[in-house]
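Structure first, commentary second.
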Amino acid sequence: MKLLEIYILRRILQMFLVALLPVLTIIWTIQVLGRINLVTDTGQSMGSFVVLATYILPTIVPVVLPFALAIGITQTLTAMNNDSELPVIDAAGSSRSIIYRPVLLLAAFLSIFSFVVANFVEPPSRVAARQMVAAAYADLLSSVIEEKTFRSIEDGLYVQISERHSGRILTGLFVVDQRDPNFDLIYYAREGSIDESGTSLTMRDGEVHRKTPEGRVSIIKFVSYAFDLSAMSGAEAPSYTAADRSLGFLLNPDPEDSHVQRSPGSYRAELHGRLTEWLFPFMLALVSLVVAGDSRSHRQARLHPMVIALLLAFGLRWMGFSFKNLVKQDEANTYLLYLLPVVTIMSCSYLLATHRTIRMPRAVYDFANRTLRWLRQKLSPRASIGGSQ
């Protein structure tokens, strides 16, 4: 690789990381905060929470990475054009491949990286996260509920215990069950115990109050009463979706799997999506080259290439999601997922080979200019001073 190509590659890689890391951090933080209840509801340590957050990270990398690459390419090439570096390269008679080669090499590497993450890292991470959450909620009463503290196990179900003893023995039980809209149940018991599987609570020497919506209350005393915990303990194995499955399973799904039987279209869409979505970094790199890879005069009015590239990137990504939903509904639409990258790559390759550029429609360009002028007038200091007078 020539010195100039290394220079371009280094600048694009730096801008790519500058765009990727903050966006990745923001989205990752949002995803992590959505699961903060794992700590608050089950009493897990912060170490467990960090492990869960690590499992979430591979699920968002393939989505964010193509957009960060588009930002890195367009911003770098625009800066080089503004610094007259691109015009100098053209004036020196250098081939356009000096600009294209480092961009396409980086895009090819990131596409392969995206394929590896989406097919070999993300599915095991999803499975591990599901198993971790299920294990955290399993046997919830005997290991997590704090003494003398009301805890909400699920919507409409609250538990308090006075003391926890060895041998899975609980004393001073108070349980409120409001999950059935036809009546409320309140349990009191001197003592209780949870079986080894964590799916059944046996209460002894207590009473249950049954209250109807009309206000009638019936009280039943019991010597022993079994309360089913299986619905809330999470002791059963977590269910997996198509996104949690490995590439090998998607290529040959188990016909006896209950989820495959209920939603075969989701497995079909997930398979073809994984075989095509890894091309998005390469597709958006070509789009960015078409938008910002040419040298232009500073006097030539145009929107920032990054804006155009991101609009096209969001449009392509939206089409990818739409086609994936169509494949889920009908297998006959499978060709659309493969047609999108083929048409995009071929169209951009033709534009680059013929030195053509993507031009915005005149109406859109005029509307954007009017909007920018209006914003400048509203935000300019002189306008603010005139308004205050």
Side-chain angles (χ1 to χ4, degrees), residues 16 19-20 23 27 58-74 100 103-123 241-243 245 247 250-251 253 263-293 305-354 356-361 364:
F16 163 73
L20 175 67
V23 176
I27 298 178
T59 65
I60 58 179
V61 168
V63 178
V64 178
L65 188 146
F67 296 99
L69 179 60
I71 293 174
I73 294 172
T74 52
Y100 298 162
V103 173
L104 297 181
L105 285 176
L106 178 61
F109 171 78
L110 292 178
S111 293
I112 296 174
F113 175 77
S114 181
F115 179 83
V116 172
V117 171
N119 289 280
F120 302 105
V121 179
E122 181 181 347
T241 63
R245 301 297 189 175
L247 182 61
L250 294 176
L251 290 170
S263 182
S266 63
Y267 286 81
R268 178 176 59 245
E270 181 68 21
L271 170 62
H272 296 291
R274 289 197 196 173
L275 294 179
T276 55
E277 290 177 353
W278 65 279
L279 291 170
F280 268 92
F282 195 80
M283 292 165 52
L284 297 190
L286 288 173
V287 170
S288 301
L289 283 175
V290 172
V291 172
M306 184 190 301
V307 177
I308 302 175
L310 287 180
L311 288 175
L312 293 173
F314 282 117
L316 290 172
R317 194 60 181 171
W318 174 80
M319 292 175 64
F321 285 130
S322 300
F323 292 161
K324 193 172 180 179
N325 288 331
L326 292 176
V327 173
K328 183 177 180 179
Q329 298 170 8
D330 189 354
E331 188 176 5
N333 298 317
T334 303
Y335 74 95
L336 294 174
L337 280 175
Y338 295 90
L339 190 64
L340 178 62
V342 170
V343 171
T344 303
I345 291 174
M346 291 183 63
S347 300
C348 292
S349 300
Y350 170 76
L351 293 174
L352 292 174
T354 57
R356 299 175 184 268
T357 59
I358 297 177
R359 298 183 181 273
M360 293 187 64
V364 177

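For the numbers below, each heavy atom of this structure counts, side chains included, while hydrogens, waters and symmetry mates do not.
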Between the CG atom in L326 and the OH atom in Y335, the distance rounded to the nearest 0.5 Å is 9.0 Å

Distance-minimising heavy-atom pair for P281 and L65
CG-CD2, 3.7 Å

Would you find more than 12 non-hydrogen atoms of other residues, nucleotides or ligands less than 6.0 Å from Y338 atom OH?
yes

Report yes if some heavy atom in the side chain of V61 is under 4.5 Å from a heavy atom in the side chain of E122; otherwise report no.
no

Hey, could you give me the CG/CZ distance between L110 and F115, rounded to the nearest 0.5 Å?
15.5 Å

List the steps and the verdict of side-chain contact (heavy atoms from CB on, under 4.5 Å) for L352 and L286.
CA-CA 8 Å; L352 292 174; L286 288 173; 3.9 Å; yes

Hey, does L336 have a side-chain heavy atom less than 4.5 Å from the side chain of V327?
no

Side-chain contact test, heavy atoms from C-beta onward, threshold under 4.5 Å: evaluate it for P253 versus E270 and give yes or no.
no

Closest contact, heavy atoms only, A19 versus I71
CB-CG2, 3.8 Å

I need the I308 CD1 to S288 OG distance, nearest 0.5 Å.
11.0 Å

Taking the six-membered ring for Trp, are F280 and F67 ring centroids under 6.0 Å apart?
no

Drop me the distance from S263's OG to K328's NZ, to the nearest 0.5 angstrom.
5.0 Å

Which atom of L337 lies closest to which atom of G320, heavy atoms considered
CD2-O, 3.8 Å

How many angstroms lie between atom CG of L271 and atom OG of S266, to the nearest 0.5 angstrom?
11.5 Å

NZ (K324) with more than 12 external heavy atoms under 6.0 Å
yes

If we only count heavy atoms from C-beta on, is the L339 to F323 side-chain gap below 4.5 Å?
no

Is there a side-chain contact between L289 and L104, using heavy atoms and a 4.5 Å cut-off?
yes

Any donor-acceptor pair under 3.5 Å from T334 side chain to E331 backbone
yes

Looking only at non-hydrogen atoms, find the nearest pair between W278 and I112 and report the distance.
CE3-N, 4.4 Å

Any non-hydrogen side-chain atom of R317 less than 4.5 Å from a side-chain atom of E277?
yes

Contact between L279 and T344 at the side-chain level, heavy atoms closer than 4.5 Å - yes or no?
no

Can you confirm whether more than 12 heavy atoms, excluding those of Y100, are under 6.0 Å from its OH atom?
yes

Listed by chain and number, what are the side chain to side chain donor-acceptor pair (under 3.5 Å) partners of T59, not counting sequence neighbours?
none

Any non-hydrogen side-chain atom of L105 less than 4.5 Å from a side-chain atom of F109?
no

Taking S111 for the side chain and F282 for the main chain, is one N or O donor matched with an acceptor at less than 3.5 Å?
yes

From L275 atom CG to N119 atom CG, the distance as rounded to the nearest 0.5 Å:
7.0 Å

